[in-house]
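To keep things clear, I will list the structure first and then write my remarks on it.
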Amino acid sequence: MSEHTESYDPLKVSRFTYRQLQGLRQGSTATPLRVIAHIDLDAFYAQCEMVRLGTPRETPLAVRQWDSLIAINYAARPFGVSRLINVAEARKLCPDLVLQHVATFREGEGGRWAYRDDSFRSISTDKVSLDPYRAQSRKILQTMKEALATWGTDDTEVESHNPKQDLSAVLEKASIDEVFIDLSPLIYRALLQRYPELQMETQDENRDAQLPIPPITALQWDTDCLVDLDQHETEEDDPDWDDVVMLIGSEIVRSVRNAVWEKLSYTCSAGLGRNKMIAKLGSACNKPNLQTVVRNRGVQNFLNGYKFTQIRMLGGKLGDQITAAFGTEKVSELLNVPLEHLRTKLADDTASWLYGIIRGDDRTEVNPRTQIKSMLSAKSFRPSINSVDQAEKWLRIFAADIYGRLVEDGVLENRRRPKVITIHHRTAQFRSRQIPIPGSSAIDENLLYDLASTLLRQVVADGKAWPCSNLSLSVSSFEDGVSNNKAIEGFLIRGDQAKALNHSSRPRDTDDSPSEQASTEKRRKLDREGSKIKNFFGNSSHPEDTGADERDSPQEPAEMDPKLSGIPQFVCPRCSKSMIEYEKEEHDDWHFAKDLASQDREEAKASQPPPPTKSNARGTSARGRSGRGGGGRGKPEKGQMRLAFQ
DNA sequence: AGATGATAG
DNA sequence: AACTATCATCT
């Protein structure tokens with residue numbers, strides 16, 4: 001441990017090099033200066049209902065699905081309300097608990113979901129809809145993106161050193177309520193602005209030279225929760241750049257979280273670390289509404305406290321096998337097992353991956369993915385169903401559900417369409433059948449239904465279709481039929497589909513909204529972008545007047561104006577970023593620069609072991625019942641104790 | 001390409 | 001306990 005220095009000593013140098021600094025700009029997954037954030041909405045479904053219903057934060061609230069609870073807000077948790085108990089028990093523990101049932105589709109009600117007073121009694125006619133939550137998720141994601149895009153550009157009149165380079169954060173939607181963000185490019189930009197001495201003088205300077213030491217001796221961590229340092233580290237040591245980047249990262253994340261709160265009234269928790277694994281574990285450390293920073297100097301101490309089964313990919317059978325093979329689930333104990341020993345019990349790939357991961361080494365990329373890859377609509381049948389007739393009723397609902405989501409996710413605009421439709425069906429075992437979706441016709445509800453129905457008949461023809469305890473329909477293999485040069489044709493396709501949407505959907509039916517639907521305000525046409533969102537919920541997410549409404553205004557498809565609809569949209573085939581025509585050239589330049597940079601990256605990356613290959617899990621006692629017998633989380637079945645690796 | 005599993009939230 | 005989603009792996 002070095003002695004505490006009160007003043008900045010310009011003769012000291014950093015542990016880090018110019019090359020490692022450059023890694024930030026180039027998306028290197030190996031640089032120790034990388035900063036990844038994981039942001040997780042607090043009790044997401046519960047917050048959605050709190051926002052929709054306007055209940056105060058102190059009011060305990062739970063979201064119910066039939067007789068179970070699927071989300072419990074933080075106000076309710078001190079009462080002991082948890083996901084493991086049922087509605088009656090929850091009421092007993094917390095008499096003032098607000099219990100809101102999820103929205104549902106109902107048989108024979110036009111394929112529209114709604115919040116219904118009696119849905120908890122209607123498990124046999126209703127199907128859960130998560131659409132309201134998906135809609136909120138999209139808004140939150142959008143807000144985060146905007147916050148990231150404007151961070152550091154509003155207050156200071158900045159001129160970037162390389163105006164062509166767009167240094168923006170990569171954002172990966174990990175689930176409906178979680179995102180990963182690679183903050184490295186943004187932080188790189190901020191570093192150069194704040195510390196001009198970091199700039200390399202000339203091109204041919206030695207990139208492996210060490211950086212100057214940061215001109216600071218103490219960092220202000222504000223409201224962040226800091227993870228304790230490793231054994232041989234001390235807070236008295238002067239910070240190096242890996243500490244500084246975390247500090248900047250935490251500033252950015254704070255501003256993102258603040259934007260989500262200010263604009264949409266959602267709280268979230270965040271973790272910051274040098275990779276996805278660390279960030280993910282970190283975000284769960286201090287909930288709700290706090291952010292946790294894991295500095296490099298604290299990584300091992302941080303991980304030592306965990307069971308490795310809590311690390312991503314180790315929560316299932318692989319984790320069980322490892323536990324069995326080495327007789328421990330503690331990271332701290334597995335740390336004592338040398339790589340060679342790991343190799344004797346695990347496949348080489350898996351062993352190296354595991355060896356690295358428990359030491360905090362994870363070089364998984366943050367995948368710039370926002371778009372959904374498949375959509376599934378499913379229903380479990382309490383008493384099983386026994387006829388094609390019954391099944392087809394549900395297929396109608398599934399088709400309506402999926403079609404609505406296709407529209408809402410802007411599938412029509414982006415001319416993205418699924419290529420495959422699959423039916424899943426469970427009697428004794430699970431079975432599934434899939435067929436291509438003909439590329440010729442526009443996708444509408446009826447087409448989906450007809451295909452589903454065909455599949456169902458195939459399943460039935462295969463025999464042993466009844467009784468059926470679970471049925472679902474999914475679409476997948478989305479292809480983005482994008483091309484900037486076909487804007488006009490694209491428009492025509494859109495137009496057709498928009499009409500199809502208008503006419504083909506099932507009779508817009510009899511009397512309106514089943515029960516308590518929020519008032520309908522149907523204005524607001526083509527302004528989905530930066531509009532102040534006053535009405536968080538309700539209307540804008542209801543299929544009846546939603547997505548479609550916000551975007552394509554299906555009420556008046558004939559009047560669609562290609563210019564107003566922002567037609568000359570170009571979507572980069574490489575990164576799916578959408579932009580308008582004149583931005584394309586600059587964007588291509590950016591890719592070009594990035595490609596050059598990736599050479600560097602390859603060198604650095606060479607040593608990263610691949611993630612565990614699932615060459616295992618096979619071999620022994622094939623399938624068999626799901627063995628739900630033994631309580632506790634999935635303990636390995638007898639037949640599976642043997643490792644398939646060796 | 002189609003069917004099935006593993007994992008996770 | 002549902003219900004979604006994604007990825008990998010076998011055929």
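If you're wondering where the values come from, they're calculated on a predicted model, not measured in any experiment. Worth knowing before you read on, the calculation uses all heavy atoms, side chains too, and leaves out hydrogens, waters and symmetry mates. Letters go in sequence order (proteins before strands), and every chain restarts at 1.
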For [X], answer base if it contacts any base atom (sugar-phosphate contacts may also be present), sugar-phosphate if it contacts only those atoms, and nothing otherwise; contact means non-hydrogen atoms under 4.0 Å.
X: A:Ile70; result: base
X: A:Leu314; result: sugar-phosphate
X: A:Arg83; result: nothing
X: A:Lys173; result: nothing
X: A:Asp177; result: sugar-phosphate
X: A:Ser377; result: sugar-phosphate
X: A:Gln429; result: nothing
X: A:Arg382; result: nothing
X: A:Arg64; result: nothing
X: A:Ser380; result: sugar-phosphate

(request) Please list, by residue number, the residues of residues 120-129 of chain A whose heavy atoms come closer than 4.0 Å to an atom of DNA chain C; answer none if no residue qualifies. (result)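 Heavy-atom cutoff 4.0 Å gives A:Lys127, A:Val128.
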
Just how far, in rounded Å, is [atom2] of [N] from [atom1] of [X]?
X: A:Leu473; N: C:dC3; atom1: CG; atom2: P; value: 14 Å
X: A:Ile397; N: C:dC3; atom1: CD1; atom2: P; value: 12 Å
X: A:Glu172; N: C:dT6; atom1: CD; atom2: P; value: 11 Å
X: A:Asp40; N: B:dA8; atom1: CG; atom2: C1'; value: 12 Å
X: A:Ile372; N: C:dT4; atom1: CD1; atom2: P; value: 12 Å
X: A:His425; N: B:dT4; atom1: NE2; atom2: C1'; value: 16 Å
X: A:Arg431; N: C:dC10; atom1: CZ; atom2: P; value: 20 Å
X: A:Tyr45; N: C:dC3; atom1: OH; atom2: C1'; value: 8 Å

(request) Test salt bridge (charged side-chain N to carboxylate O under 4.0 Å, His left out) on A:Asp362 and A:Lys276 and set out the steps. (result) CA-CA 7 Å; A:Asp362 168 24; A:Lys276 286 169 81 172; over 6 Å; no

(request) Please report the closest heavy-atom contact between A:Thr427 and A:Lys464, naming both atoms and the distance. (result)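 Closest pair (atom of A:Thr427, atom of A:Lys464, distance): CG2-O, 3.4 Å.
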
(request) Go through the steps to decide whether A:Tyr133 and A:Glu49 satisfy the test side-chain hydrogen bond (donor to acceptor under 3.5 Å, both in side chains), and finish with yes or no. (result) CA-CA 9 Å; A:Tyr133 310 136; A:Glu49 298 302 342; 2.5 Å; yes

[X] side chain: which of [options] is closest?
X: A:Ser432; options: B:dT4, B:dG9, C:dA5; result: B:dT4
X: A:Lys373; options: C:dT6, C:dA5, C:dA1; result: C:dT6
X: A:Lys317; options: B:dA6, B:dA8, B:dA3; result: B:dA6
X: A:Gln65; options: C:dC3, C:dT4, C:dC7; result: C:dC3
X: A:Arg405; options: C:dA5, C:dC3, B:dG2; result: C:dA5

(request) Identify, between A:Ala378 and A:Leu69, the residue whose nearest nucleotide on DNA chain C lies closer to the 5' end. (result)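 First, find each residue's nearest nucleotide; the 5'-ward one identifies A:Leu69.
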
(message) Between A:Arg134 and A:Asp131, does any side-chain N to carboxylate O distance fall below 4.0 Å?
(response)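 Yes.
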
(message) Taking the basic N atoms (NZ, or NE/NH1/NH2) and the acidic carboxylate oxygens, is any pair closer than 4.0 Å for A:Asp389 and A:Lys393?
(response)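 Result for this pair is no, no salt bridge flagged.
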
(message) Is it the case that over 12 heavy atoms from other parts of the model lie below 6.0 angstrom from the NZ atom of A:Lys92?
(response)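 Open: at most 12 neighbouring heavy atoms sit under 6.0 Å from NZ of A:Lys92.
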
(request) Tell me, yes or no, whether the heavy-atom count around A:Arg57 atom CZ, taken from other residues, nucleotides or ligands under 6.0 Å, exceeds 12. (result)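 Yes, the 6.0 Å shell around CZ holds more than 12 heavy atoms from other groups.
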
(message) For the residue pair A:Ser175 / A:Asp177, report whether a side-chain donor-acceptor contact shorter than 3.5 Å exists.
(response)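 Short answer, yes.
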
Short side-chain N/O contact from [X] to OP1 or OP2 of [N], under 4.0 Å:
X: A:Lys280; N: B:dG9; value: yes
X: A:Arg312; N: B:dT7; value: no
X: A:Ser374; N: C:dA5; value: no

(request) Please state whether the rings of A:Tyr115 and A:Trp113 are parallel, tilted or perpendicular, taking 30° and 60° as the class boundaries. (result)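 Ring orientation, 0 to 90° scale: perpendicular.
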
